[in-house]
Protein chains: 2
Amino acid sequence: MLADLVYKTILKDLEKRIFDNEFPAKKLPDERTLTSQYGVSRSSIKRALNVLANEGIVFKKRGSGTFVNPLYLKNRSLFNYEGSNLGVTDSMRADGKKPGIKVLDFSVIPATKEMQTDLFLAAEDFVYQIRRLRLLDDQPVMIETGYIPIKIAPELSRTIVSGSIFNYLEDKKNQTVTKSFLSIEAQPSTEEDQKLLNLTPQEPVGVMSGIFFLDDGTPFELSNMRLHYQYMKYNALVELK
Amino acid sequence: MLADLVYKTILKDLEKRIFDNEFPAKKLPDERTLTSQYGVSRSSIKRALNVLANEGIVFKKRGSGTFVNPLYLKNRSLFNYEGSNLGVTDSMRADGKKPGIKVLDFSVIPATKEMQTDLFLAAEDFVYQIRRLRLLDDQPVMIETGYIPIKIAPELSRTIVSGSIFNYLEDKKNQTVTKSFLSIEAQPSTEEDQKLLNLTPQEPVGVMSGIFFLDDGTPFELSNMRLHYQYMKYNALVELK
DNA sequence: AAGTGGTCTAGACCACTTC
DNA sequence: AAGTGGTCTAGACCACTTC
């Protein structure tokens with residue numbers, strides 16, 4: 001029960017109090033006051049406040065106090081940031097649209113130099129090459145090319161990759177993909193992009209490429225995703241400096 | 001002296017030890033061992049390890065231990081992620097190229113509804129409208145349109161916005177821009193994009209738009225940046241779920 | 001049962017801001 | 001000088017993994 005954690009309880013309560021406009025002056029009580037209000041240690045208060053600060057809901061200023069981000073009250077939807085359209089079945093379903101997958105290629109190839117580096121492989125290792133077209137309500141939205149070492153998931157099959165590979169890992173092998181390094185760019189569409197994603201030559205793709213990791217840190221997949229430009233929107237809260 | 005902080009010292013030392021391949025089995029000593037090795041509290045060890053985990057340099061697994069990301073050893077450059085080409089003078093200079101600014105428009109307009117919401121303004125408020133072309137080594141790379149409430153920086157001038165506005169704020173007004181909400185997309189180039197950024201109609205722009213905040217949480221600027229697609233590459237470490 | 005990371009406490013002392 | 005957030009300690013107890 002994650003909700004039972006002290007700092008999470010306080011976190012949610014503070015979120016609610018902020019949203020209920022309990023601090024119209026945009027200033028939260030100081031940490032020592034919160035400590036006695038909630039009857040917990042100052043560390044737990046700090047932890048809750050740190051999460052709020054990381055989410056951009058409050059700003060802390062040493063010596064002055066902790067302040068509510070005025071935007072949070074007016075526009076809470078902004079605060080559901082971070083990677084809207086990742087190429088993950090789950091996040092696609094979240095939009096209320098029905099996700100679909102069409103397998104374009106499923107084969108085994110020797111690992112290239114880049115794969116050897118990024119997936120931590122030896123020169124003689126092989127990888128699955130998996131090309132899939134992702135759909136939302138039968139609309140093609142993304143061409144995904146993934147490379148997965150056969151030694152990590154030797155039993156992969158065309159049938160398995162017709163569904164969510166991440167879900168398969170979690171359900172059948174009790175392994176979780178928890179992190180990824182991604183780089184995000186815009187690129188002109190290639191002829192193949194245009195054909196598969198119904199784009200005109202003037203319409204671009206958004207490209208997200210990178211590495212997915214299992215939760216013990218094993219690099220699991222090298223991935224390249226080319227998205228219909230209207231379906232890529234990446235939101236981030238950026239710390240400057 | 002930030003470097004004097006206990007957890008930062010340990011952080012840097014661990015980073016060095018990892019890079020020197022002092023843990024060939026990819027497993028760090030457990031936290032209690034590190035505690036006695038460094039002669040500090042376990043909290044400080046945890047703090048250092050948490051930073052390393054957030055940076056993707058190590059992975060922690062409850063019950064098992066803390067593991068080195070193998071990629072860190074092979075490809076450290078990957079780990080300088082997070083927002084390469086933000087439209088900030090400083091980050092541009094970092095590439096070794098000489099940044100330039102050409103002011104396209106500097107005027108005052110009434111705040112639109114969107115600006116009222118995002119910049120927390122009243123209906124009768126005015127904003128500076130600042131359109132600038134950003135250059136790197138005389139190459140145009142970005143069209144930046146910014147809206148700044150006049151009441152936050154009433155003394156802004158065409159001369160000031162010919163340089164870095166953020167640096168001006170920091171030097172002259174002792175205010176810092178520390179955070180921003182950004183959304184990142186790909187879009188076909190408009191005719192204006194093509195003219196100003198030397199693009200063909202097939203070449204797209206990367207669009208980064210959002211809000212910049214001062215360190216007390218005041219929304220400072222609404223910004224829209226249209227980048228030559230070859231100059232936008234956003235790197236992120238993404239936590240899944 | 002032993003190992004290992006996660007949560008939480010109570011309190012000391014420091015650093016920056018405001019008055 | 002008073003207010004307020006930041007760093008750090010020492011230690012208790014919990015939860016998950018491995019053997």
Side-chain angles (χ1 to χ4, degrees), chain A residues 1-14 23 25-54 57-69 170 173-176 178-179 214-218 239, chain B residues 1-14 23 25-54 57-68 170 173-176 178 214-218 239:
Chain A
M1 282 298 103
L2 287 178
D4 288 335
L5 293 179
V6 170
Y7 84 92
K8 285 213 175 168
T9 310
I10 291 167
L11 174 61
K12 284 188 181 134
D13 191 61
L14 282 173
F23 313 110
K26 304 278 164 278
K27 191 168 189 305
L28 261 59
D30 72 279
E31 296 183 351
R32 282 136 180 113
T33 303
L34 289 172
T35 297
S36 66
Q37 270 184 16
Y38 283 102
V40 300
S41 72
R42 192 169 154 219
S43 318
S44 296
I45 295 294
K46 284 184 102 55
R47 183 156 188 182
L49 289 177
N50 279 336
V51 176
L52 290 175
N54 286 336
I57 295 173
V58 304
F59 288 75
K60 297 164 135 197
K61 228 187 157 181
R62 154 129 73 165
S64 321
T66 301
F67 302 88
V68 176
N69 183 340
E170 210 160 336
K173 306 197 65 181
N174 200 31
Q175 285 186 302
T176 322
T178 48
K179 272 194 180 174
L214 300 178
D215 61 356
D216 64 355
T218 313
E239 213 78 37
Chain B
M1 285 294 106
L2 287 178
D4 288 336
L5 293 180
V6 171
Y7 84 93
K8 286 214 172 166
T9 309
I10 291 166
L11 174 61
K12 284 189 181 134
D13 191 60
L14 282 173
F23 314 110
K26 303 279 163 277
K27 193 170 187 305
L28 260 59
D30 73 278
E31 296 183 351
R32 281 136 181 111
T33 303
L34 289 172
T35 296
S36 66
Q37 271 184 16
Y38 284 101
V40 300
S41 72
R42 194 170 155 221
S43 318
S44 296
I45 295 294
K46 285 185 102 56
R47 184 156 188 183
L49 289 176
N50 279 335
V51 176
L52 290 175
N54 285 336
I57 294 173
V58 305
F59 288 77
K60 298 163 137 198
K61 227 186 158 182
R62 156 128 75 163
S64 321
T66 301
F67 303 87
V68 176
E170 210 161 335
K173 306 196 65 181
N174 200 31
Q175 286 185 301
T176 324
T178 48
L214 299 178
D215 62 355
D216 64 355
T218 313
E239 213 77 38

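Below, read A as the first sequence line, B as the second, and so on, with proteins coming before strands; counting in each chain starts at 1. Side chains are part of it too, since the values below use all heavy atoms of this structure and drop only hydrogens, waters and symmetry mates. The shown structure was predicted, so the numbers you read here are calculated from the model rather than taken from an experiment.
Of the possible donor and acceptor atoms, none in the side chain of B:Lys46 sits under 3.5 Å from a partner among the backbone N and O of B:Glu31. B:Lys61 contributes no side-chain N or O that, together with a main-chain N or O of A:Gly217, makes up a donor-acceptor pair within less than 3.5 Å.
Per the geometry, CG belonging to B:Asp4 stands 19 Å off P belonging to D:dG6, to the nearest Å. Rounded to an integer number of Å, the gap from CG of B:Asp215 to P of D:dG5 is 14 Å. Atom CG of A:Leu34 and atom P of D:dG6 are 13 Å apart (whole Å). When the P atom of C:dT9 is taken as reference, atom CG of A:Leu5 falls 11 Å away, rounded to whole Å. One interatomic measurement links the two molecules: NZ of B:Lys60 to P of D:dA15, which rounds to 18 Å at whole-angstrom precision. Spacing between atom OH of A:Tyr7 and atom P of C:dG6 amounts to 11 Å, rounded to whole angstrom units. What separates OH of B:Tyr38 from P of D:dA10 is a distance of 17 Å, to the nearest Å. Atom-to-atom, NZ of A:Lys61 to P of C:dA15 comes out at 19 Å; the value is rounded to the nearest Å.
One finds the CD atom of B:Gln37 at 10.5 Å from the CD1 atom of B:Ile10 (value rounded to the nearest 0.5 Å). Summarising the geometry, atom CG belonging to B:Leu214 is positioned 8.0 Å from atom OG1 belonging to B:Thr176; distances are rounded to the nearest 0.5 Å. Rounded to the nearest 0.5 angstrom, B:Tyr38 OH and B:Leu14 CG are separated by 4.0 Å.
Residue B:Thr66 has no polar side-chain atom (N or O) positioned under 4.0 Å from OP1 or OP2 of C:dT4. Contact annotation: A:Ser64 side-chain N/O to D:dG3 OP1/OP2 distance is not under 4.0 Å.
Nucleotide C:dT18 forms a pair with D:dA1, judged by Watson-Crick or G-U wobble geometry with both contacts under 3.5 Å. Taking a pair to require two hydrogen-bonding distances under 3.5 Å in either a Watson-Crick or a G-U wobble arrangement, D:dA10 pairs with C:dT9.
Side-chain N/O atoms of B:Arg62 and base N/O atoms of C:dG3 include no donor-acceptor pair closer than 3.5 Å.
Using a 4.5 Å cut-off on side-chain heavy atoms (C-beta onward), B:Tyr7 and B:Ser43 make no contact.
When each of B:Leu52, B:Asn50, B:Ile57 is paired with B:Leu11, the side chain to side chain contact (heavy atoms under 4.5 Å, CB included) condition holds for B:Leu52 and for no other.
Near DNA chain D, defined here as any heavy-atom distance below 4.0 Å, the residues from residues 41-48 of chain A are A:Arg42, A:Lys46, listed numerically.
Checking C:dG5, C:dT17, D:dC8 against every side-chain atom of B:Glu31, the shortest atom distance belongs to C:dG5. The side chain of A:Arg32 lies closest to D:dT4, out of C:dG5, D:dT4, D:dT7.
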